[in-house]
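Along the sequence shown, the residues carry numbers beginning at 1.
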Amino acid sequence: MRKSIYLIIAAAVISGSTLAQKKATPANKTMDTYISRLMAKMTIEEKLGQLNLVTGGEATTGSAVSADVEGKIERGQVGGIFSMTTPQRIRKAQEIAVNRTRLKIPLIFGQDVIHGYKTVFPIPLALSATWDLPLIEKTARISAIEASADGLNWTFSPMVDISRDPRWGRISEGSGEDTYLSSEIAKVMVKGYQGDDLAKYNTLMACVKHFALYGAAESGRDYNTTDMSLHRMYNEYLPPYKAAIDAGVGSVMTSFNDINGVPATANKWLMTDVLRKQWGFKGFVVTDYTAVSELIDHGLGDLQTVAALSLKAGVDMDMVSEGFLNTLGKSLKEGKITEAQINNACRLVLEAKYKLGLFEDPFRYCNDERAKTEILTPANLQAAREAAGQSFVLLKNQHNLLPLKKTGTIALVGPLANTGSNMPGTWSVNAELNNTPSLLQGLTEVVGNQVKILHSLGANLIADASYQERATMFGREIPRDNRSEEVMIQEAVDNAKKADVVVAALGESSEMSGEASSRTDLEIPAVQKRLLAALLKTGKPVVLVLFTGRPLVLTWENENVPAILNVWFGGTQAAPAIADVLFGDVNPSGKITATFPQNVGQVPIYYSHKNTGRPLEEGKWFSKFRSNYLDVSNDPLYPFGYGLSYTTFSYGDVKLSAPSFKAGGSITAKVTVTNTGKMEGKEVVQLYIRDLVASLTRPVKELKDFQKISLKPGESKEVTFTISTEDLKFYNAELQFVAEPGDFQVFIGTNSRDVKSAAFKLL
């Protein structure tokens, strides 16, 4: 029954949309001819070899490790390698493929280049907080230049999974909770990686992941089940993937979760009906790490069975599990799959290699000189520093405690104060951890001898040593101090008493977020909170420099700490960038892209929720027989789009060019924004829309546009947005993408909560 329903819906959507068609260009004809001639010479075994992706083992991105890689290459059993870097190693592997195999088919080389290569930029959740699309594109472009200089030509990025549950560790790797913003970021990331011609030596083929709905895993637990209605999928979770497809992404990675009972890696409706038929995707599909063999534990059968299911679903390349390599030949002989299915997968993999120019020159990415001159350049490091500074979010700044003056004495306290290895953040597998400055080093670099810095650990990261070990894997260790908690806190307090201000570097370590790093307790570890409370009791002004890869519960901190600067994990240049902001050389302008809850019991919490039939009156806390809690208000601690500045901004009323417009037309919405403070600053002006009456229940607000502007003190700017019919469309119950006539509200403001509004009609 489910299959028939999916097919009916797929047919309905296809009939109402225009599918992307493969243009019959001369270049395509040349590629098709070349690959057809090559495949005509290939045996079944050689074709299956192209579908096998193995790991070179340099970076730890999963639990399994490929064996006998060189032997398999020589036997034609490998189509690509990931986690192998440097031109020398890649050239050696490529030479085996093109010199010792019968058909001399080159390999493709991939890597998890997620938020930078050697020059590491802020984690993706932090980058999204910049709301600066050109900057985000630039980080992807630099990442592609550096990674390709080291021999790579494929990246497993961007990750565009929508997540509204901060318990999920991989929220750090995406762009937050919003559909529109995540879609815009997906487009520029693909453009940054792939450029305008994949055959250029300094581009990477992008791979959008994880298809699909990975960020909606039940209970925020990694790899867990996802169960979701189709119209919610299409309206809220699928658009960022489609945005990447429309931007021309070369490959797609399957997700680990099941979707309404069918694991993504074996989900034909998802991989073929949606991805290929509805969206017109022409690239190839690769699994995530051992996702084929993991279908066994999902309960779909033995390795031969699940490998056949994956191929028939539309998967083209098998990462690490080698189910395709070792079982599809047998399945073909038994009639469980067809040669046409193998041929289709093989062709798509070969097309990717052709587009990358590997058949023309298998060694085009193996240039030793580029590796020496284009990685970790001064310009790249400066770009990383600027990106980090733009990503930080000022959450609180009572009595303008920040920025600090470059005079006097600072007590720098906390387990995150002197650890360079944690600055790059999770999924920075190529970072040079030993050469990444700590916050202590960054402050010293920026202030020199102008400020005296008294440093103390103050507390271990976590009281439980075994938990701390789990939270500091992959070389991100923070040495533990075996003295008593009381002695360590007293040492920090003594330093605080000698200082003019306390900077407390607290929060998560880098590996407390990321893959397989889900958490049920979203507060700062208790031992750190006790340290923070002791520092506050000294009466000295305290600045909390918060390290985190997810929204945390900061209710107590917000009530008690005068200044909170969320620095996420800012990458290679995080430390000096933090100093830039603390001392006012950079005015913070970041805005959060995932809601911060008051407590974990509010999760999932997100701004674009729907009304109930018994909504709580705005501004109220508790009303019996209304949709609310007994113990806490419905409000978040910090709403989506929230972030302060060292200056202040005021908004005028929203002015519409007309009270209504017809389908196919548009109106403009204008608002005047003024810098009412004393420092030049950047502001993200956000536009939201609400559909007041529709055939389906609609969210109370949806982000539809934004502009990031810069204003000098006293300067005003009129910001103009165009609202078109396209901005009002949604997928209805029949999955038709429509704009329904009726009443709408438009909101413009500094975040999703603090807005000015106006009304209009679609006729």
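- Evaluation of the salt bridge (Lys or Arg N to Asp or Glu O under 4.0 Å) rule for D227 yields no partner, not counting sequence neighbours.
- Looking at R75 and D68, a side-chain N of the basic residue comes within less than 4.0 Å of a carboxylate O on the acidic one, giving a salt bridge.
- With a 6.0 Å radius and a threshold of 12 heavy atoms from other residues, nucleotides or ligands, K191 has its NZ atom at or below the threshold.
- Pairs passing the ring-ring contact (aromatic ring centres under 6.0 Å, His included) check and including a residue from residues 158-177, sequence neighbours excluded, read W168-Y214.
- Seen from the ring of F730, R698 counts as a face-on cation partner, given the 6.0 Å and 45° thresholds.
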Exercise. Between R141 and E137, is a salt bridge (charged side-chain N to carboxylate O under 4.0 Å, His left out) present by the stated rule, with each step listed?
Worked result: CA-CA 6 Å; R141 182 86 289 273; E137 181 180 332; over 6 Å; no
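- The residues K282 and D316 are annotated as not salt-bridged, no charged nitrogen and carboxylate oxygen being separated by less than 4.0 angstrom.
- Qualifying ring-ring contact (aromatic ring centres under 6.0 Å, His included) partners for Y180, counting only residues two or more places apart in sequence or in other chains: none.
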Problem set entry | Audit row: W279, F211, ring-ring contact (aromatic ring centres under 6.0 Å, His included) steps and yes/no | CA-CA 13 Å; W279 295 354; F211 195 58; 5.7 Å; yes
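- A salt bridge between K72 and E322 is present, with a side-chain N of the basic residue lying under 4.0 Å from a carboxylate O of the acidic one.
- Listed by chain and number, the residues in a side chain to side chain donor-acceptor pair (under 3.5 Å) with K242 are D246 (sequence neighbours excluded).
- In this view, E339 satisfies the side chain to side chain donor-acceptor pair (under 3.5 Å) rule with no residue, not counting sequence neighbours.
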For this session: Evaluate the criterion salt bridge (charged side-chain N to carboxylate O under 4.0 Å, His left out) for residue pair D112 and K209; output intermediate values, then yes/no.
Result: CA-CA 11 Å; D112 286 283; K209 65 184 188 185; 3.5 Å; yes
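- The side-chain tip of R164 points at the ring of Y606 from less than 6.0 angstrom away and within 45° of straight on.
- In this structure, the ring-ring contact (aromatic ring centres under 6.0 Å, His included) partners of F640, at least two apart in sequence or on a different chain, are W131, Y607.
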Problem set entry | Worked check of ring-ring contact (aromatic ring centres under 6.0 Å, His included) between F737 and Y234 | CA-CA 9 Å; F737 194 50; Y234 277 82; 9.8 Å; no
